[in-house]
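Reading through the C-alpha cells given below for one structure.
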Amino acid sequence: MMVITSPGEMTRFAESARASGKRIGLVPTMGFLHEGHLTLMREGRRQSSVLVASIFVNPTQFCPGEDFARYPRNFERDCAMLQTVPVDIVFAPEPSAMYSPDAQTWVEAGEITSGLCGPHRPGHFRGVTTVVAKLFNIVKPHLAVFGEKDFQQLRAIQKMVRDLNFDVEIIPVPIVREKDGLAMSSRNAYLSPAEREDALALSLALRAAREKHRAGACCAEEIEFAAIRVLKRMRGVAIEYVEAVDAETLARHPSLERPILIAIAARVGKTRLIDNTVLQP
Ligand code: AMP
C-alpha cells in the first residue's frame, strides 16, 4: 500500500494506471475509519483493479462553530485497517495542497441540498460537492463508492455527476450498523456511555416509522410522528429534524406510492448524529 500526499503525484499515478487499462475505484473518507468505511472499501475492491482510499478532513464542509479542529484523527490506525482490505493507494493530502489561499470556485448541486441538513449546515454541501469534484479530477476514478448513511450527500453527488458530465460511476452502499442498531459513524467516538445509550433512539425511531408505514399509514406526516414520538421519549436527545421525503428528489410531501426516505438529525449531548431509512411502497 502506497501513501500519496501530493495531488500532482496522485494524478500522475492515476494517468499511468488508466493508460495501462486499470479500472480505478475511489472511496472518499475523512478518516477515523470504522467497519462502515471498510464495507465501502470492500465494495470498491470488488469492482476495481486499483483502489484508492482518500483520507481528508475537508475544512470547507465544516460550518463555523462545527467540530473541524477536534474531528477525530488517527492516520496510523486508518492505514493498518486499509491494509486489511487491501487498498492500493491512500491519498492523504494536507488542506494547503487541496486549497490555494485564493481559491474561489465552488460546485453547488442546487435544490437537492436545500432541505434536510441543508438549512442546518449552511455551506456544508457546497464544501462536499466541491471537494468531491476536486478528488474526481485528481484521482480520475472510473467508479466512486459512497455510503447511504449520508443519503443527502449521496444524492447531491449523483446530481453533480449528471449535471456536470463526470464520467464516474457512483456506487451506493447501505448503512452499516452496530449490533444494537446504531449507525456506525466516526462521531460516535464523542459519545459518553450514557449518550451511547440515548443514541439508540435514532434507529429505534426509524424502526417505529417503518412499522407505521407497514401498518398502512395515511400520509408521510403520520410516519414522521411515529419517529418523533420515540425520539421525544429519550431525555438526552434533541431533535434537529425528522422528515419523510421522496427518496429520489428529497422533496417534501412525498407520495406513499413511491420510495420514501425517513431522515433524522438529532443532537445527543453535543454530538450531532444522523440516520435514515428508505421505505418501499
Ligand atoms: P466520512 O468519513 O464520515 O466522510 O464517510 C466517508 C464515507 O463513508 C461516506 O460515503 C459515508 O456515507 C460512508 N459511511 C460512513 N459511515 C457509514 C455507515 N455506517 N454505513 C455506510 N457508509 C458509511
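FYI, side chains are in, hydrogens and waters are out, and symmetry mates aren't considered; it's all heavy atoms of this structure. Worth saying up front: this structure is predicted, and the values here are computed from it rather than measured. One is the number of the first residue; the rest follow in order along the sequence. Ligands are counted one by one from 1 in listed order, and the atoms in each one are counted from 1 as well.
- Cation-pi geometry between R187 and Y71 is not met at under 6.0 angstrom from the ring centre and within 45 degrees of the axis.
- Residue-ligand proximity, I175 to ligand 1, at heavy-atom distances under 4.0 Å covers atoms 20 (N), 21 (C).
- Between the side chain of N58 and the main chain of G127, a donor-acceptor pair closer than 3.5 Å is present.
- Relative to the six-membered ring of F125, R155 misses at least one condition, a distance below 6.0 Å or an angle of at most 45° to the axis.
- Among protein heavy atoms, the minimum distance from atom 11 (C) of ligand 1 is reached at D150 OD2, 3.0 Å.
- With a heavy-atom cut-off of 4.0 Å, S186 does not touch ligand 1 at all.
- Residues M30 and S186 fail the side-chain proximity criterion, which asks for heavy atoms closer than 4.5 Å.
- Set against the non-hydrogen atoms of H34, the atoms of ligand 1 under 4.0 Å away are 15 (C), 16 (N), 17 (C).
- Between the T130 side chain and the V107 main chain, a donor and an acceptor come within less than 3.5 Å of each other.
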Subject >> Trace of the side chain to side chain donor-acceptor pair (under 3.5 Å) decision for R210 with T277 >> reply: CA-CA 8 Å; R210 177 172 293 281; T277 192; 2.5 Å; yes
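- If you look at L33 next to ligand 1, there are no close heavy atoms at all, none under 4.0 Å.
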Would you mind writing out the side-chain donor-acceptor pairs for residues 80-89 within the sub-3.5 Å range, not counting sequence neighbours?
residue: T84; atom: OG1; partner: M81; partner atom: O; Å: 2.6
residue: D88; atom: OD1; partner: R45; partner atom: NH1; Å: 3.4
residue: D88; atom: OD2; partner: R45; partner atom: NH1; Å: 3.0
residue: D88; atom: OD2; partner: R45; partner atom: NH2; Å: 3.0
residue: D88; atom: OD2; partner: L51; partner atom: N; Å: 2.7

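- For Q152 (side chain) and C117 (main-chain N/O), a donor-acceptor pair under 3.5 Å exists by modelled atom type.
- Counting only heavy atoms of the protein, atom 10 (O) of ligand 1 lies nearest to G147 N, 2.9 Å.
- Less than 4.0 angstrom separates some heavy atom of M30 from each of these atoms of ligand 1: 1 (P), 2 (O), 4 (O).
- Atoms of ligand 1 found under 4.0 Å from any heavy atom of K149, numbered from 1 in the order shown, are 16 (N), 17 (C), 18 (C), 23 (C).
- A cation-pi geometry, defined here as NZ or CZ lying under 6.0 Å from the six-membered ring centre and within 45° of its normal, holds between K134 and Y99.
- At a heavy-atom cutoff of 4.0 Å, ligand 1 is contacted by the side chain of H37 but not by its backbone.
- Of the protein's non-hydrogen atoms, the one nearest atom 13 (C) of ligand 1 is L40 CD2, 3.6 Å.
- Here is the list of ligand 1 atoms found below 4.0 Å of a heavy atom in F146: 10 (O).
- Considering both main-chain and side-chain atoms, V176 comes within under 3.5 Å of ligand 1 through a nitrogen or oxygen pair.
- Which parts of ligand 1 touch M184 is read off a 4.0 Å heavy-atom cut-off, strictly below it: atoms 16 (N), 17 (C), 18 (C), 19 (N).
- Interface atoms of ligand 1 facing P28, defined by a heavy-atom separation under 4.0 Å, are 6 (C), 7 (C).
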